[in-house]
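Worksheet: one structure, shown below.
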Protein chains: 2
Amino acid sequence: MTVTPPSTAQENATEDWLHLDSQICFSLHAASRAFNGVYRVILKDLGLTYPQYLVMLVLWEQGTLPVKKLGEHLRLDSGTLSPLLKRLETAGLVRRERSARDERSVEVRLTEEGVALRDRALEVPRRIVTATGFDLAEIGALRERLDQLTAALDAAAAQELPGNR
Amino acid sequence: MTVTPPSTAQENATEDWLHLDSQICFSLHAASRAFNGVYRVILKDLGLTYPQYLVMLVLWEQGTLPVKKLGEHLRLDSGTLSPLLKRLETAGLVRRERSARDERSVEVRLTEEGVALRDRALEVPRRIVTATGFDLAEIGALRERLDQLTAALDAAAAQELPGNR
DNA sequence: CACAATTCAATTGGGCACAACTAAATGGCG
DNA sequence: CGCCATTTAGTTGTGCCCAATTGAATTGTG
């Protein structure tokens, strides 16, 4: 295999951690992509990608929003949203208009077509939940767990970056 | 808000599902990117991205492998792996050589530098586990959950695609 | 042996994520 | 008022993910 120095108990513990780490990061990476894959299949009928669907969910729920607010809901910046929104506009689902009050801001508004798409999207969640094979309680518990994880990771990243150690 | 027909009990249930769905997909998407962010910070010292780190983990554990096998371990295809491996080769961490036995196959082998990098990578898992704020048992449980989810989602995607319904 | 089907890696093209930068508008402060 | 820091979108560049295609090598079958 690979070259390793003769092991002490301490070093073995480190190796074990490496194993466990590899499992959790593989698992999360794989789960994320598996989810993405199922959404891809189900959303193909609607002509949406997964991230585009997330944007539409926010707009269906919140109505017209500036790009900034949209980014806060989704934790995405303009580098991701600008081209994505341009594609949604080309598809005729949203319009983008400079705010009159603040010329820096761009309001994203659903078109009639965009609003209408919601009806066809209503069946998506049922199909997704079915695909997971989990019941609602299990999904809720997992969601809670993931949110905890995200909060902890965000906090850690914030700490790691400035001090870099 | 958005235009919706007057609600029946059935329709309200559908709306509730839409909500729940939005929560689970947001959560997973966010967790995946949060993890990515922490790895990005921690791996910067090693000059690796998160997917490159996953590739190195497999090579450290399995030794020399053809691209095909690497892809099976990581569930990635050549479209993703070919350019990624080219970058690892440019970085001097791996070599790619056509197999003598089967000229179609390309063997990916760690260089001495690639092997040596493992020592510096040993501290990564500890820092990641710390960043999650979870203990080992919790991480194990979550990993198991995510693997269940991935298996179910893969099965569902396989079913959805052929019949497309 | 010859030919068709399969396997494997690479490439192309579309889309997402993020860092770094630009440019315009706004707001605060001397 | 005039200037500067901040805010907001957009652009550019790098890397990843996947679908579809290409091309070479191999395998199976008549």
Side-chain angles (χ1 to χ4, degrees), chain A residues 25 28-41 43-44 47-56 65-72 74-91 94 96-108 154 157 161, chain B residues 25 28-41 43-44 47-56 65-72 74-91 94 96-108 154 157 161:
Chain A
C25 69
L28 192 79
H29 202 61
S32 170
R33 286 182 298 133
F35 239 116
N36 213 303
V38 171
Y39 272 105
R40 193 193 337 279
V41 171
L43 292 174
K44 186 183 272 182
L48 292 176
T49 66
Y50 182 27
Q52 287 167 8
Y53 172 69
L54 297 183
V55 168
M56 295 299 285
L65 283 178
V67 174
K68 182 67 193 299
K69 288 287 177 196
L70 207 48
E72 284 170 7
L74 296 167
R75 300 166 148 280
L76 292 173
D77 67 6
S78 65
T80 300
L81 286 176
S82 287
L84 188 156
L85 291 171
K86 207 177 289 183
R87 283 185 281 272
L88 286 181
E89 188 168 40
T90 301
V94 307
R96 291 177 303 159
E97 347 178 289
R98 286 271 159 199
S99 162
R101 307 217 173 269
D102 185 342
E103 291 279 337
R104 293 171 302 181
S105 178
V106 169
E107 308 272 337
V108 181
D154 282 350
L161 254 180
Chain B
C25 68
L28 191 80
H29 202 60
S32 172
R33 286 184 298 134
F35 238 115
N36 214 302
V38 171
Y39 272 107
R40 193 192 338 277
V41 172
L43 292 175
K44 185 183 274 181
L48 293 176
T49 66
Y50 182 28
Q52 287 167 8
Y53 171 68
L54 297 182
V55 168
M56 294 300 286
L65 284 177
V67 174
K68 181 68 193 297
K69 289 286 179 198
L70 207 47
E72 284 171 6
L74 296 167
R75 299 165 148 282
L76 291 173
D77 67 6
S78 65
T80 300
L81 287 176
S82 288
L84 188 157
L85 292 171
K86 206 177 290 181
R87 282 185 282 272
L88 287 181
E89 189 167 41
T90 301
V94 307
R96 292 177 302 158
E97 348 178 289
R98 288 267 158 204
S99 163
R101 308 218 172 268
D102 185 342
E103 291 278 338
R104 293 171 303 179
S105 179
V106 169
E107 307 272 335
V108 181
D154 281 351
L161 253 180

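Letters A, B, ... are given to chains in the order of the sequence lines, protein chains preceding strands, and every chain is numbered from 1. Keep in mind that the numbers below use all heavy atoms, side chains included, and drop hydrogens, waters and symmetry copies.
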Distance in angstrom units between B/R101 CZ and D/dA24 P, rounded: 24 Å
Quickly work out the A/R40 CZ to D/dA20 C1' distance and round it to whole Å. 13 Å
Centroid separation under 6.0 Å, is that true for the rings of A/H29 and B/Y50? yes
Between A/T49, A/L76, A/L74, which is the residue that forms a side-chain contact (heavy atoms from CB on, under 4.5 Å) with A/L54? A/L74
Between A/L84 (CG) and D/dG10 (P), how many Å, whole number? 12 Å
With a 4.0 Å cut-off on N to O distance, would you call A/D154 and A/R75 a salt bridge? yes
Between A/A100 and A/D77, the residue closer to the 5' end of DNA chain C by nearest nucleotide is A/D77
Rounded distance in Å - CG (B/L43) to P (D/dG15): 15 Å
On DNA chain C, does the nearest nucleotide to A/E103 precede the nearest nucleotide to A/R75 from the 5' side, or the other way round? Give the residue. A/R75
Taking the side chain as every heavy atom from C-beta outward, state whether B/M56 and B/L48 have any pair of such atoms under 4.5 Å apart. yes
Can you find a heavy atom in the side chain of A/R96 that is under 4.5 Å from one in the side chain of A/K86? yes
Separation of D/dA19 C1' from B/L76 CG (nearest whole Å): 14 Å
Nearest-0.5 Å distance that lies between atom CZ in B/F35 and atom CG in A/L28: 5.5 Å
If I take atom CD in residue B/Q52 and atom C1' in nucleotide D/dT14, what distance separates them, rounded to the nearest angstrom? 11 Å
note: B/Y50, atom OH; D/dC17, atom C1'; distance rounded to Å ~ 14 Å
Which letters describe nucleotides 1-13 of chain C, given B = protein heavy atom under 4.0 Å from base, S = only from sugar-phosphate, - = neither? ------BSBBB--
Can you tell me if B/H29 touches the phosphate of C/dA17, counting only side-chain N or O atoms and a distance under 4.0 Å to OP1 or OP2? yes
B/V108: which of B/L88, B/V67, B/L81, B/L65 passes side-chain contact (heavy atoms from CB on, under 4.5 Å): B/V67
Between C/dC18 (C1') and B/Y39 (OH): distance, integer Å: 19 Å
